[in-house]
Amino acid sequence: MVMQTVRDQLKRRIYPVHRLDRPTSGVVLLALSSEAASVASRLFRDRQVTKSYLAFVRGHTPVMGRVDRPLTSPVVVRTGPLEAVTEYRTEQQFEIPLQSDRFPTTRCSLVRAIPKTGRFHQIRRHLNGIDHPVIGDTSHGDSRQNRFFRENFGTTRLMLHAAKIGFRHPMTGKMIEVSCPMPPDMTEPLRKITTRSGAD
């Protein structure tokens with residue numbers, strides 16, 4: 001969809017470099033030539049690109065943390081799990097005065113996740129692995145919490161957003177940073193959650 005839209009706008013062929021899972025919003029990176037795509041892909045492969053994501057998750061996360069847990073890939077056939085590391089820090093915590101499941105209130109957090117590797121569904125799987133699944137994640141999340149947030153706050157998709165990407169331009173050496181604000185279908189639920197929880 002994104003590639004088709006950009007191709008139609010530019011009236012020329014484009015090449016994907018950094019894609020997102022279908023339910024994730026945010027920054028994507030496209031190249032105008034196969035040569036540029038190849039060079040840019042090498043930056044990702046050599047871990048010379050920084051990526052930052054925002055996620056709404058279940059529960060109150062620690063102030064910061066690091067998940068170092070190898071992951072298997074259903075896409076690439078390998079002999080075993082691949083190295084996978086995600087660092088994160090808590091941007092905001094909420095406690096909503098609404099009963100959820102067996103608890104009298106509902107806790108959730110806005111987390112900034114920084115993947116150090118690029119594995120399949122890495123952030124989603126790592127956050128779920130520390131009992132803080134991303135809200136709206138139908139593959140690795142909590143279905144009861146998903147339903148609760150959908151019914152009370154209008155969340156309609158995976159609450160994960162690729163907020164920022166940075167790299168040094170391979171030709172000029174200039175530092176490039178591309179950012180994307182959260183879309184309305186994330187900011188509006190966050191506004192409602194902030195209002196109900198009384199958070200600043």
Side-chain angles (χ1 to χ4, degrees), residues 1-3 5 18-29 51-65 67 69 71-75 84-115 117-165 179-199:
M1 175 71 91
V2 172
M3 286 188 62
T5 300
H18 175 246
R19 304 189 194 196
L20 299 173
D21 296 335
R22 186 176 295 275
T24 304
S25 60
V27 177
V28 295
L29 188 62
K51 294 176 285 184
S52 172
Y53 290 72
L54 291 171
F56 290 157
V57 303
R58 182 185 71 186
H60 281 177
T61 50
V63 174
M64 61 179 59
V67 183
R69 182 168 66 89
L71 297 171
T72 56
S73 172
V75 179
V85 177
T86 303
E87 296 179 352
Y88 67 88
R89 67 173 182 267
T90 300
E91 299 279 317
Q92 218 169 346
Q93 292 181 333
F94 310 92
E95 184 159 9
I96 308 163
L98 290 175
Q99 182 171 350
S100 174
D101 198 15
R102 65 185 183 278
F103 302 104
T105 61
T106 299
R107 290 181 172 184
C108 56
S109 303
L110 177 63
V111 169
R112 185 173 296 276
I114 303 168
T117 52
R119 308 306 179 199
F120 181 77
H121 290 183
Q122 177 177 312
I123 294 173
R124 298 159 63 178
R125 295 162 74 185
H126 271 174
L127 290 175
N128 184 53
I130 59 171
D131 295 322
H132 295 292
V134 179
I135 295 165
D137 191 342
T138 58
S139 299
H140 312 285
D142 181 328
S143 59
R144 285 177 297 184
Q145 284 288 288
N146 292 345
R147 183 169 59 252
F148 172 85
F149 280 93
R150 183 171 59 251
E151 293 173 351
N152 288 279
F153 300 104
T155 56
T156 58
R157 66 167 181 88
L158 176 71
M159 295 287 102
L160 181 63
H161 177 74
K164 189 180 297 184
I165 188 169
S179 61
C180 179
M182 286 191 293
D185 59 0
M186 284 189 72
T187 57
E188 184 57 20
L190 177 59
R191 183 191 66 77
K192 293 178 181 178
I193 289 168
T194 301
T195 300
R196 293 295 292 269
S197 68

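All figures in this text were calculated on a predicted structure; none of them were measured in a lab.
- In terms of modelled atom types and a separation under 3.5 Å, the side chain of S197 and the main chain of E95 share no donor-acceptor contact.
- Counting only heavy atoms from C-beta outward, the side chains of F149 and T106 approach each other to under 4.5 Å.
- For residues 120-137, the salt bridge (Lys or Arg N to Asp or Glu O under 4.0 Å) pairs, not counting sequence neighbours, are D21-R124, R124-D137.
- Side-chain atoms of T24 do not come within 3.5 Å of backbone N or O of H161 as any donor-acceptor pair.
- The shortest heavy-atom contact between R119 and A84 is CG-CB, 3.7 Å.
- The shortest distance between side-chain heavy atoms of H126 and L71 falls below 4.5 Å.
- Across all non-hydrogen atoms, the minimal contact from A162 to C180 is O-CB, 4.3 Å.
- For the atom pair NZ of K51 and CD1 of I114, the computed distance is 11.5 Å after rounding to the nearest 0.5 Å.
- Looking only at side-chain heavy atoms (C-beta outward), Y88 and I130 come within less than 4.5 Å of each other.
- At a threshold of 4.5 Å between non-hydrogen side-chain atoms, the residues F148 and D142 do not count as touching.
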I'd like to know whether R112 forms a side-chain hydrogen bond (donor to acceptor under 3.5 Å, both in side chains) with S52, so could you lay out the CA-CA distance, the side-chain angles of the two residues, the decisive distance to 0.1 Å, and finally the verdict. CA-CA 7 Å; R112 185 173 296 276; S52 172; 2.8 Å; yes
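- Here the straight-line distance linking atom CE of M159 with atom CE of M186 works out to 5.5 Å at 0.5 Å rounding.
- Screening I96, L190, V57 against C108 for a side-chain contact (heavy atoms from CB on, under 4.5 Å) leaves a single residue, I96.
- Counting only heavy atoms from C-beta outward, the side chains of F153 and L98 approach each other to under 4.5 Å.
- The line from NZ of K192 to CZ of F94 is 14.5 Å long, rounded to the nearest 0.5 Å.
- Of all non-hydrogen atoms in R196 and P97, the two that sit nearest each other are O-CD, 3.1 Å.
- To the nearest 0.5 Å, atom OH of residue Y53 and atom OG1 of residue T86 are 10.0 Å apart.
- Pairs engaging residues 179-189 under the salt bridge (Lys or Arg N to Asp or Glu O under 4.0 Å) rule: R157-D185, E188-R191 [sequence neighbours left out].
- Residue-environment remark: NZ (K164) stays at or below the threshold of 12 foreign heavy atoms within 6.0 Å.
- Atoms CG and OG1, from L54 and T187 in turn, are 11.5 Å apart once rounded to the nearest 0.5 Å.
- Of all heavy-atom pairs between G141 and P133, the closest is CA-CB, 3.7 Å.
- Although no hydrogens or angles enter the test, the distance criterion places a donor-acceptor pair under 3.5 Å between the side chain of S109 and the main chain of T61.
- Between H140 and V134 the shortest side-chain heavy-atom distance does not fall below 4.5 Å.
- In this structure, CZ in R147 is found 14.0 Å from CD1 in I135, a value given to the nearest 0.5 Å.
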